[in-house]
Amino acid sequence: MNWKKIGRVFDPEIASGRPSWMQSHAMLPIADHLEGDLFRIYFCGRDQQNRSLVGYLLINLNEPTRILDISQNPVLGLGDLGCFDDNGVSPSWIVNDGQEKYLFYIGWKPRSTTRMSVQAGAAVSRDGGITFQRLSRATILPCTDQEPIAILTAPCVFKEGDRWRLWYVSGLRWDHPDLVHYNIKYAESRNGIDWKREGRVCIASGSENESSLARPCVFKDGNLYHMWYSYKKPGGHYRMGYAQSEDGLHWRRMDDQIGIDVSKSGWDSEMVEYAYVFRHGGQRYMLYNGNNYGATGFGLAVAE
């Protein structure tokens with residue numbers, strides 16, 4: 001599969017009238033279809049204290065670089081002091097279930113002995129996605145004896161019948177306080193809140209030099225599951241990977257078929273990462289970040 005880059009949708013550095021929740025960055029975009037060709041794109045900006053907060057912008061896919069609206073307030077703010085998400089929140093996935101929208105997100109917390117703790121949370125909107133309220137002040141993926149490292153995050157979630165399925169990033173080990181290794185695992189739930197985890201690894205690190213496997217994005221087409229994810233090459237620059245599965249559990253890693261890479265110059269010339277793939281009008285689209293983890297904004301590509 002090859003992807004044709006349409007261009008950068010949003011550059012936070014030149015956005016006029018930036019709200020206080022987005023003084024820099026536009027990271028981890030996810031798309032929610034409203035009507036016609038209108039989409040609300042949720043993402044996280046950073047405030048003056050470098051804390052991530054979730055907001056959105058509105059675009060028409062026929063003119064994706066023309067921003068129709070930007071939320072003036074975050075749709076999800078910081079968690080209570082001492083909670084897993086008191087230093088930042090970032091969107092990871094959205095599920096529409098009847099009149100409710102479920103936002104699965106990443107909660108950030110700095111640590112004293114390691115660089116960070118990141119764990120998964122869940123919130124719900126009953127006003128069409130304008131605001132979200134936490135389903136719990138606690139993480140939905142707590143640490144266990146089998147998964148003791150507080151890197152349990154970046155949930156990708158969807159429903160199949162009455163079964164909720166989740167692919168997430170799980171911490172493997174810290175080499176030192178600034179370098180953590182993690183892989184991608186799987187969980188299931190009956191209600192989208194309480195998750196059964198059996199330690200099933202879906203995508204494991206391909207080499208000792210590959211420290212990170214980040215933000216799984218699963219897309220089902222017929223009987224075939226596709227997964228896009230990000231991995232760090234030596235030197236710390238992200239690239240995108242790709243895998244296929246017949247059941248969502250057993251995956252074949254096929255990174256050579258990703259069909260998208262860095263540009264020769266510009267905003268995504270060093271990194272491409274954090275893919276979010278969605279379907280509209282018979283086409284597949286991909287939102288993604290470029291250099292420096294969203295500091296240069298996010299772009300859009302279409303499958304050829």
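Quantities reported herein were computed from a predicted structural model and do not represent experimental measurements.
- When all heavy atoms are compared, the tightest approach of Ala154 to Ile106 is N-CG1, 3.7 Å.
- In terms of hydrophobic clustering, with Ile, Leu, Val, Met, Phe, Trp and Tyr side chains grouped at heavy-atom distances under 4.5 Å, Ile70 and Phe132 are assigned to a common cluster.
- For the pair Leu78 and Asp86, the minimum side-chain heavy-atom distance is 4.5 Å or more.
- At least one side-chain heavy atom of Phe219 sits less than 4.5 Å from a side-chain heavy atom of Trp228.
- Judged by the 6.0 Å and 45° rule, Arg40 forms a cation-pi pair with Tyr56.
- Counting non-hydrogen atoms of neighbouring residues, nucleotides and ligands closer than 6.0 angstrom, the NZ atom of Lys159 exceeds 12 such neighbours.
- Remark: the Asp268 side chain and the Ser263 side chain contain an N/O donor-acceptor pair separated by less than 3.5 Å.
- Although no hydrogens or angles enter the test, the distance criterion places no donor-acceptor pair under 3.5 Å between the side chain of Arg239 and the main chain of Val262.
- Rounding to the nearest 0.5 Å places OH of Tyr168 at 5.0 Å from CZ of Arg197.
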Show your working on side chain to side chain donor-acceptor pair (under 3.5 Å) between Gln119 and Thr153 and close with a plain yes or no.
-> CA-CA 5 Å; Gln119 293 181 270; Thr153 188; over 6 Å; no

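- Arg284 places none of its side-chain heavy atoms less than 4.5 Å from the side chain of Val302.
- We find that Glu160 and Lys220 are joined by a salt bridge, their nearest charged nitrogen and carboxylate oxygen being less than 4.0 Å apart.
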Run the side-chain contact (heavy atoms from CB on, under 4.5 Å) check on Tyr105 and Arg134 step by step: do they pass?
-> CA-CA 10 Å; Tyr105 69 92; Arg134 285 169 172 79; 3.2 Å; yes

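- No hydrogens or angles considered: nothing links the side chains of Ser52 and Trp108 as a donor-acceptor pair under 3.5 Å.
- When all heavy atoms of Ser71 and Pro19 are compared, the closest pair comes out as O-CG, 3.6 Å.
- Within 6.0 Å of CZ in Arg66 there are 12 or fewer heavy atoms belonging to other residues, nucleotides or ligands.
- To the nearest 0.5 angstrom, Leu166 atom CG is 7.5 Å from Cys156 atom SG.
- Judged by distance alone, with hydrogens and angles left aside, the side-chain atoms of Arg165 form no donor-acceptor pair with the main-chain N or O of Glu188 at under 3.5 Å.
- Classified by interplanar angle (parallel below 30°, tilted 30° to 60°, perpendicular above 60°), the ring pair Phe43/Phe10 is tilted.
- Residue Ile130 is grouped with residue Val54 when hydrophobic side chains (ILVMFWY) are merged at heavy-atom distances under 4.5 angstrom, including chains of intermediate members.
- Between the side chain of Ser245 and the backbone N or O of Tyr225, no donor-acceptor pair lies under 3.5 Å.
- A side-chain donor from one of Asn96 and Lys101 sits under 3.5 Å from a side-chain acceptor of the other.
- Heavy-atom minimum distance, Leu213 versus Asn183: CD1-CA, 4.0 Å.
- Between Trp167 and Phe158, the gap from one ring centroid to the other is short of 6.0 Å.
- The two residues Ala214 and Tyr238 have their closest heavy-atom pair at CB-OH, 3.4 Å.
- Side chains of Leu34 and Leu58 form a contact here, defined as non-hydrogen atoms less than 4.5 Å apart.
- Heavy-atom contacts from other residues, nucleotides or ligands closer than 6.0 Å to CG of Asp69 number more than 12.
- Ile258 and Tyr231 are assigned to two separate hydrophobic clusters, defined by single-linkage of ILVMFWY side chains at heavy-atom distances under 4.5 Å.
- The backbone N or O of Pro155 sits less than 3.5 Å from a side-chain atom of Ser92, completing a donor-acceptor pair.
- Within a 6.0 Å sphere centred on CD of Gln48, heavy atoms belonging to other residues, nucleotides or ligands number 12 at most.
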Test side-chain contact (heavy atoms from CB on, under 4.5 Å) on Ile151 and Val169 and set out the steps.
-> CA-CA 7 Å; Ile151 306 290; Val169 168; 4.2 Å; yes

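- His176 places a side-chain N or O within 3.5 Å of a backbone atom of Asp178 that can act as its donor or acceptor partner.
- Of the possible polar contacts, none joining the Asp85 side chain to the Val89 backbone as a donor-acceptor pair under 3.5 Å is found.
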Met286 vs Met240, side-chain contact (heavy atoms from CB on, under 4.5 Å): CA-CA, chis, key distance, verdict = CA-CA 12 Å; Met286 175 192 288; Met240 287 190 215; 3.8 Å; yes

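- Here CD1 of Ile59 is found 4.0 Å from CD1 of Ile41. Values are rounded to the nearest 0.5 Å.
- A donor-acceptor contact shorter than 3.5 Å links the side chain of Asn289 to the backbone of Ala26.
- The nearest pair of heavy atoms linking Arg46 to Tyr293 is NH2-O, 4.4 Å.
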Apply side chain to side chain donor-acceptor pair (under 3.5 Å) to Arg215 and Tyr288, showing your working.
-> CA-CA 11 Å; Arg215 210 223 182 157; Tyr288 69 98; over 6 Å; no

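- With contacts defined as side-chain heavy-atom distances shorter than 4.5 Å, the pair Arg200/Leu249 qualifies.
- Using a 4.5 Å heavy-atom cutoff, the side chains of Leu300 and Trp3 are not in contact.
- Tyr242 and His226 share a side-chain donor-acceptor pair at under 3.5 Å.
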Residues Lys185, Glu147; criterion salt bridge (charged side-chain N to carboxylate O under 4.0 Å, His left out); working and verdict | CA-CA 11 Å; Lys185 291 185 178 180; Glu147 292 182 293; 3.4 Å; yes

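- Under a 3.5 Å cut-off, the side chain of Asp247 and the backbone N or O of His250 do form a donor-acceptor pair.
- You'll find the ring centres of Tyr274 and Trp93 outside the 6.0 Å limit.
- The distance from the CE atom of Met271 to the OG1 atom of Thr296 is 9.0 Å, given to the nearest 0.5 Å.
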Derivation and outcome, salt bridge (charged side-chain N to carboxylate O under 4.0 Å, His left out), residues Glu100 and Arg126 = CA-CA 5 Å; Glu100 298 177 325; Arg126 297 182 175 93; 2.8 Å; yes

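- A donor-acceptor pair shorter than 3.5 Å cannot be found between the side chains of Tyr285 and Gln283.
- Formation of a donor-acceptor pair under 3.5 Å by the Asn291 side chain with backbone atoms of Gly266 is found in this model.
- Side chains of Asp32 and Tyr42 form a contact here, defined as non-hydrogen atoms less than 4.5 Å apart.
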side-chain contact (heavy atoms from CB on, under 4.5 Å) between Trp164 and Asp97, worked out | CA-CA 11 Å; Trp164 294 68; Asp97 188 32; 4.1 Å; yes

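- Residue Leu103 comes nearest to Ile30 through the heavy atom pair CD1-CD1, 4.0 Å, listed as atom of the first residue, atom of the second, then distance.
- Linking ILVMFWY residues whenever their side-chain heavy atoms come closer than 4.5 Å, directly or via other members, leaves Leu152 and Ile203 in distinct clusters.
- Judged by distance alone, with hydrogens and angles left aside, the side-chain atoms of Asp37 form no donor-acceptor pair with the main-chain N or O of Leu61 at under 3.5 Å.
- No side-chain heavy atom of Thr131 sits under 4.5 Å from any side-chain heavy atom of Val75.
- Applying the 6.0 Å contact sphere to CZ of Arg252 captures more than 12 heavy atoms from other residues, nucleotides or ligands.
- In this structure, His33 has its ring center at least 6.0 angstrom away from the ring center of Phe278.
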